[in-house]
Amino acid sequence: MSENVRVRFAPSPTGALHIGGVRTALFNYLFAKKYNGTFVLRIEDTDQTRYVANAEEYIVDALEWCNIPFDEGPGKNEKFGPYRQSERKDLYKKYADELLEKGWAYYAFDTSEELDAHRKDHEANGKTFIYNWHNREKGRLVNSLVLSEEEVQQKISAGEKYVVRFKTPQDETLILEDEVRGKIKIETNTLDDKVLFKSDGMPTYHLANIVDDHLMEISHVIRGEEWLPSLPLHTLLYRAFEWESPKFAHLSLILKPVGKGKLSKRDGDKLGFPVFPLEYTNEKTGDVSRGYKEDGYFSDAFINMLSLLGWNPGTEQELFTLEELTKAFDLARVSKSGAKFSPDKTKWFNQQYLQQKTDEELAMLFLPLLEENNVSSDTVYIQKVVSLIKERAVFVNDFWGLSSFFFEDPTAYDEKAFKKQWKETTGSLMEELVSVIEAIEDFSIENAQTDIKGWITSKEIGFGKVMQPLRLSLVGKLAGPDLFEIMTMIGKEATIKRIKNAITALS
RNA sequence: GGCCCGUUCGUCUAGUGGUUAGGACGCAAGGUUUUCAUCCUUGAAACAGGAGUUCGAUUCUCCUACGGGCUACCA
C-alpha cells in the first residue's frame, strides 16, 4: 500500500467547513502522510445554485491553520488540474456519452414537475416512486429506453431539456467492500437510476466524482458516512467505465453533545462552543460564527481532539503531535459508530497543550493581551508572571484575568471574601503588617517569609487571619499564586500601597 | 414508508469465546497548596433487549428496539 497512495478531500464550497469536514480532511491527510502519499484538494462546485464565493478561500485557510495543507489543489502543483469541477465542465460530457454508447446510461426527458407528480402520486397510494427498472420502460416515463432513436434525436435537436441517467443493472447482488465497515451487501433492484448529467450541462456529483477520482489517480476515497448509500452506484460506475476502483472508507458522523442527531451550527450556538475551525462570516446574512482559532484554541490541540473522535491508537496515549498521529493512524482502527462531540474534552486538550508550552512562547502570546489592557512590562517579568499563573489557565485568553494584579492595583474587592475575611480587628492588624514590611530591608521572598511568618507566629493569631486579608488587599480576591511571590514581584512599595488602599476601602 | 450503517460507564473509547470489563473527559470524596488552580489518591459509573450456537457468551448468528444516514436535475 506504500506505493502511490493518493487521497482527496473534496468539499463543496457552500459555506464554512465544519468540524466533521475538518476531521474528514484530517484523516485523509494522516493516511496520505503515513504512506508518503499525496493529499489532494478538489473543489466540488457543480451545483451553481449553492455556490458561495468566500467558501473556497475559507476551506484553504482552515486547512492551513490546522496545519494539514494539501499537496495538490487549486493553484498548487496542478499536475492533474484544474481542481475545481466547474473548470473541468467540458470534460464530463464525453464520459456521459461513453456510458450512453455502452448502454450504461440513457437520456431522460421527464421534467422535475412530472417526477414530483409521480412521487406524490405514489406516496398517496402508500408506495415509493423509484426511477429504475420498475418503471423506466413502462411508458409513463419519457426516456431513450422507450423512445425511438429518431424521437430522441428530434427532441434533443429541438432543444428539449434532458438528463442522462445511469441504467442500473437488474437482479444482481453487490458485495461492496468498505475499509472500516467490511462487506456490505445490496440488491441492485433497490437502487434508482441516478442522474449523472444535469440539464444545465453540468455533471452531478456522482459522475464528476468518479471521473475525477479516476483521472486524478485517487487510490483511496475517505469520506463521510453520508456517502455510503452512493457506494453501489459508484462501484457500478467504475465497472461501467472499466476502470479500477479505488478503495473506500466511510467515516461515521459527529453527533450533537446532547440529544440526538448530527452536530449542527445551532448546537454550537446553544451550548456555547464553535463548530467551525475559523470564524466565518455568512456572505448573505452577515452572520458571524465563532471559530476555534478565534476562541483561543491551539490548532494542534484542536487537531489532536479531532483525531481521537472516531479513531484511537489502541494504546492509552491521548496526546499526539501531528507526526505521531501520522505514524499511528490506521483506517482499521476507525470506529464504525457516530461519536458525540465533547466541548469539555476539547478544553482539556487545549489545557494540556498550554501547559506543555514554554514560558517564553506563552509570554509572546500574552503580549497582545497586555497591550489591549494598556500594560507594558519587560519580558523577564512577563515570563515570570506566566510561569506563576499558567497552570490555572485553559486558554492564553485567561491570562489577563489571572494575572492583572501583577500589573496594576486591584480596583475592586470580592464581596464574599471581604465579608468572610475582613473582621473588625483586621484593619489594625494590616497596619501593623505594613510596618513589618517597611522594616524589611532586602525585600526577597526569603526575607519576607521569615519576617512576616515570624511576626504572625509571635502574635499567636493564626496565619489565616493575616494572609487572607493580605491576599484580598493585593489581589482583590481569594485566588492566585503564592502571596510571597506576588509581593516580591510587585515590590515593597506597591505591596504597602495596596494594603493601605485596602484598609481605607474596607475598614 | 423503503434501503443502508451502527449500539461497551453520562461522554470518547480499549478489550476477549472464560477478564475484578481497562483508560480518558466530566462528576464526587480525601490529601497537598493557610487561597484558587494544578497535582496526587480514591470512588460512583457500561457490555440495549430477546432467542440461538456453545461446557461457557459482552465477544459469533438471528430477531426486536433504539440511534443515525440516504431516499433531488444538492453535494
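Every chain is numbered from 1 and lettered A, B, ... according to where its sequence line falls, protein lines coming before strand lines.
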Asker: Nearest of B:C73, B:C74, B:G67 to any side-chain atom of A:Lys260?
Answerer: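 Nearest listed nucleotide: B:G67.
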Asker: Contact class for A:Thr315 (heavy atom, under 4.0 Å): base, sugar-phosphate, or nothing?
Answerer: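 Nothing, no heavy atom under 4.0 Å.
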Asker: Are the side chain of A:Asn132 and the backbone of A:Asp193 linked by a donor-acceptor contact shorter than 3.5 Å?
Answerer: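 It does not hold such a pair.
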Asker: With both distances under 3.5 angstrom, what nucleotide forms a Watson-Crick or G-U wobble pair with B:U53?
Answerer: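 Paired with no nucleotide.
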Asker: Go through B:U13, B:U35, B:G69 for me and flag the one nearest to the A:Leu253 side chain.
Answerer: B:G69
Asker: Can you confirm if the NZ or CZ of A:Lys357 lies within 45° of the ring axis of A:Phe298 and under 6.0 Å from the centre of its six-membered ring?
Answerer: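 Output yes; distance and angle both within limits.
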Asker: Over all strands shown, is A:Asp116 touching base, sugar-phosphate only, or nothing at heavy-atom distances under 4.0 angstrom?
Answerer: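 The answer is nothing, as A:Asp116 stays clear of every strand by at least 4.0 Å.
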Asker: Quick one: which of B:G15, B:G22, B:C70 gets closest to the side chain of A:Glu226?
Answerer: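 Selected nucleotide (nearest to the side chain): B:C70.
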Asker: Give one of base, sugar-phosphate or nothing for A:Pro481, where a contact means two heavy atoms less than 4.0 Å apart.
Answerer: base
Asker: Between B:A72 and B:G52, how far apart are the P atoms? Round to whole Å, please.
Answerer: 42 Å
Asker: Answer yes or no: is there an ion pair linking A:Lys93 with A:Asp97, defined by an N-O contact shorter than 4.0 Å?
Answerer: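 Salt bridge present between A:Lys93 and A:Asp97.
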Asker: Does B:U13 have its OP1 or OP2 closer than 4.0 Å to a side-chain nitrogen or oxygen of A:Ser335?
Answerer: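 Result: yes.
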Asker: Name the one of A:Tyr106, A:Tyr131, A:Tyr107 that satisfies side chain to side chain donor-acceptor pair (under 3.5 Å) with A:Asn143?
Answerer: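 That would be A:Tyr131; it is the only one of A:Tyr106, A:Tyr131, A:Tyr107 passing the side chain to side chain donor-acceptor pair (under 3.5 Å) with A:Asn143.
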Asker: Base, sugar-phosphate or nothing for A:Thr46? Non-hydrogen atoms, less than 4.0 Å.
Answerer: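 Since only primed, P, OP1 and OP2 atoms lie under 4.0 Å of A:Thr46, the category is sugar-phosphate.
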Asker: Sort out the partner of B:G26 for me: Watson-Crick or G-U wobble, both distances under 3.5 Å, none otherwise.
Answerer: none
Asker: Name the nucleic acid region contacted by A:Gly462, choosing base, sugar-phosphate or nothing; use a 4.0 angstrom heavy-atom cut-off, strictly under.
Answerer: nothing
Asker: Within the 4.0 Å heavy-atom criterion, would you say A:Asn209 contacts the bases, only the backbone, or no part of the nucleic acid?
Answerer: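 Contact class for A:Asn209: none.
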Asker: Taking the same atom, C1', in B:G50 and in B:C27, what whole-Å distance lies between them?
Answerer: 34 Å
Asker: Is the closest basic N to carboxylate O distance between A:Lys262 and A:Glu225 below 4.0 Å?
Answerer: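 Salt bridge between A:Lys262 and A:Glu225, a charged N being under 4.0 Å from a carboxylate O: no.
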Asker: With side chain to side chain donor-acceptor pair (under 3.5 Å) as the test, pick out the partner of A:Asp359 among A:Gln383, A:Lys384, A:Lys390.
Answerer: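 Of A:Gln383, A:Lys384, A:Lys390, side chain to side chain donor-acceptor pair (under 3.5 Å) with A:Asp359 is met by A:Lys390 alone.
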Asker: Only counting residues at least two apart or in another chain, list the ones meeting ring-ring contact (aromatic ring centres under 6.0 Å, His included) with A:His134.
Answerer: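 Testing A:His134 for ring-ring contact (aromatic ring centres under 6.0 Å, His included), a comparison that skips the adjacent residues, returns none.
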Asker: Please tell me if A:Lys194 has a side-chain N or O lying less than 4.0 Å from either OP1 or OP2 of B:C73.
Answerer: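 Negative; the distance criterion is not met.
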Asker: How far, in whole Å, is B:U35 from B:C25 if one measures between their C1' atoms?
Answerer: 27 Å
Asker: Check ring-ring contact (aromatic ring centres under 6.0 Å, His included) between A:Phe70 and all other residues, then give those that pass, not counting sequence neighbours.
Answerer: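 With sequence neighbours excluded, A:Phe70 shows a ring-ring contact (aromatic ring centres under 6.0 Å, His included) to no residue whatsoever.
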Asker: Taking only side-chain N and O atoms of A:Asn312, does any of them lie within less than 4.0 angstrom of OP1 or OP2 on B:A14?
Answerer: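 Result: yes.
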Asker: Between B:C62 and B:A29, how many Å separate the two C1' atoms, rounded to a whole number?
Answerer: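 Each nucleotide's C1' atom is 46 Å from the other's.
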Asker: Taking 4.0 Å as the cut-off, does a side-chain nitrogen or oxygen of A:Arg119 come that near to OP1 or OP2 on B:A72?
Answerer: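 Yes, within the criterion.
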Asker: Go through B:C36, B:U38, B:C73 for me and flag the one nearest to the A:Glu391 side chain.
Answerer: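 The nucleotide sitting nearest to the side chain is B:U38.
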Asker: Whole angstroms only, please: what is the NE2-P distance between A:His206 and B:C73?
Answerer: 10 Å
Asker: B:C66 and B:U33: how far apart are their C1' atoms, nearest whole angstrom?
Answerer: 48 Å
Asker: Does B:A48 have a Watson-Crick or wobble mate here (both distances under 3.5 Å), and if so which one?
Answerer: B:U64
Asker: Going by purine N1 to pyrimidine N3 plus the second Watson-Crick contact, or the G-U wobble pair, all under 3.5 Å, which nucleotide sits opposite B:U32?
Answerer: none
Asker: So which nucleotide from B:G2, B:C74, B:G15 ends up closest to the side chain of A:Lys198?
Answerer: B:C74
Asker: Give one of base, sugar-phosphate or nothing for A:Ser112, where a contact means two heavy atoms less than 4.0 Å apart.
Answerer: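 It contacts base atoms.
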Asker: I'd like to know whether the aromatic ring centres of A:Phe418 and A:Tyr413 sit less than 6.0 Å apart in this structure.
Answerer: no
Asker: Which part of the nucleic acid, if any, lies within contact of A:Ile130, taking any heavy atom under 4.0 Å across all strands shown: a base, the sugar-phosphate backbone alone, or nothing?
Answerer: nothing
Asker: Which nucleotide, if any, forms a Watson-Crick or G-U wobble pair with B:U59, using both distances under 3.5 Å?
Answerer: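 B:U59 is paired with nothing.
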Asker: Whole Å only: how far is the CD atom of A:Glu316 from the P atom of B:A14?
Answerer: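 Whole-Å distance recorded here is 12 Å.
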Asker: Classify the nucleic acid contact of A:Val163 as base, sugar-phosphate or nothing, counting any heavy atom under 4.0 Å across all strands shown.
Answerer: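 It contacts base atoms.
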Asker: Checking contacts here: which listed nucleotide (B:C73, B:G6, B:C4) is nearest the side-chain heavy atoms of A:Ser199?
Answerer: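 Nearest to the side chain of A:Ser199 among the choices is B:C73.
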Asker: Once you apply a heavy-atom cut-off of 4.0 Å, does A:Lys262 come out as touching a base, just sugar-phosphate, or nothing?
Answerer: sugar-phosphate
Asker: Any side-chain N or O of A:Arg471 under 4.0 Å from OP1/OP2 of B:C36?
Answerer: no
Asker: Do the side-chain N or O atoms of A:Lys340 get closer than 4.0 angstrom to the phosphate oxygens (OP1, OP2) of B:G26?
Answerer: no
Asker: Side chain of A:Lys336: nearest nucleotide among B:G6, B:A75, B:C12?
Answerer: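 So the side chain of A:Lys336 is nearest to B:G6.
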Asker: Taking any heavy-atom pair under 4.0 Å as a contact, classify A:Gly126: base, sugar-phosphate, or nothing.
Answerer: nothing
Asker: Using ring pair (Phe, Tyr, Trp, His ring centres under 6.0 Å) as the criterion, point out the one residue from A:Phe302, A:Phe349, A:Phe395 that pairs with A:Tyr292.
Answerer: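 Going through A:Phe302, A:Phe349, A:Phe395 one by one, the ring pair (Phe, Tyr, Trp, His ring centres under 6.0 Å) with A:Tyr292 is satisfied by A:Phe302 alone.
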Asker: For B:C73 and B:A65, measure between their C1' atoms and round to the nearest Å.
Answerer: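 So the two C1' atoms sit 38 Å from each other.
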Asker: Can you identify which nucleotide, out of B:U35, B:C5, B:C25, has its nearest atom closest to the A:Ile184 side chain?
Answerer: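 For A:Ile184, the side-chain atoms sit closest to B:C5.
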Asker: Could you tell me how far B:U8 sits from B:C60 if I compare only their P atoms? Round to whole Å.
Answerer: 13 Å
Asker: Given atom CZ of A:Phe349 and atom C1' of B:U13, what is their separation to the nearest angstrom?
Answerer: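 So the two atoms are 11 Å apart, to the nearest Å.
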Asker: Identify whether any heavy atom of A:Arg181 sits under 4.0 Å from a base atom; if not, whether one sits that close to sugar-phosphate; answer base, sugar-phosphate or nothing.
Answerer: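 Since only primed, P, OP1 and OP2 atoms lie under 4.0 Å of A:Arg181, the category is sugar-phosphate.
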Asker: Which nucleotide, if any, forms a Watson-Crick or G-U wobble pair with B:A37, using both distances under 3.5 Å?
Answerer: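 Looking at the geometry, B:A37 pairs with no nucleotide.
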Asker: For B:C3, does the base pair up with any side-chain atom of A:Thr190 as donor and acceptor (N or O, under 3.5 Å, distance only)?
Answerer: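 Flag unset: no donor-acceptor pair detected.
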Asker: Starting the side chain at C-beta, find the nucleotide from B:G26, B:C74, B:G1 nearest to A:Arg50.
Answerer: B:C74
Asker: Identify which nucleotide among B:C4, B:U35, B:C74 has an atom closest to any side-chain atom of A:Ala479, counting heavy atoms from C-beta outward.
Answerer: B:U35
Asker: At under 4.0 Å between heavy atoms, what does A:Arg223 touch on the DNA or RNA strands: base, sugar-phosphate, or nothing?
Answerer: nothing
Asker: Starting at CG of A:Asp398 and ending at P of B:C36, how long is that distance when rounded to a whole Å?
Answerer: 18 Å
Asker: Sticking with atom P, work out how far B:G26 lies from B:A21, rounded to a whole angstrom.
Answerer: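 Each nucleotide's P atom is 26 Å from the other's.
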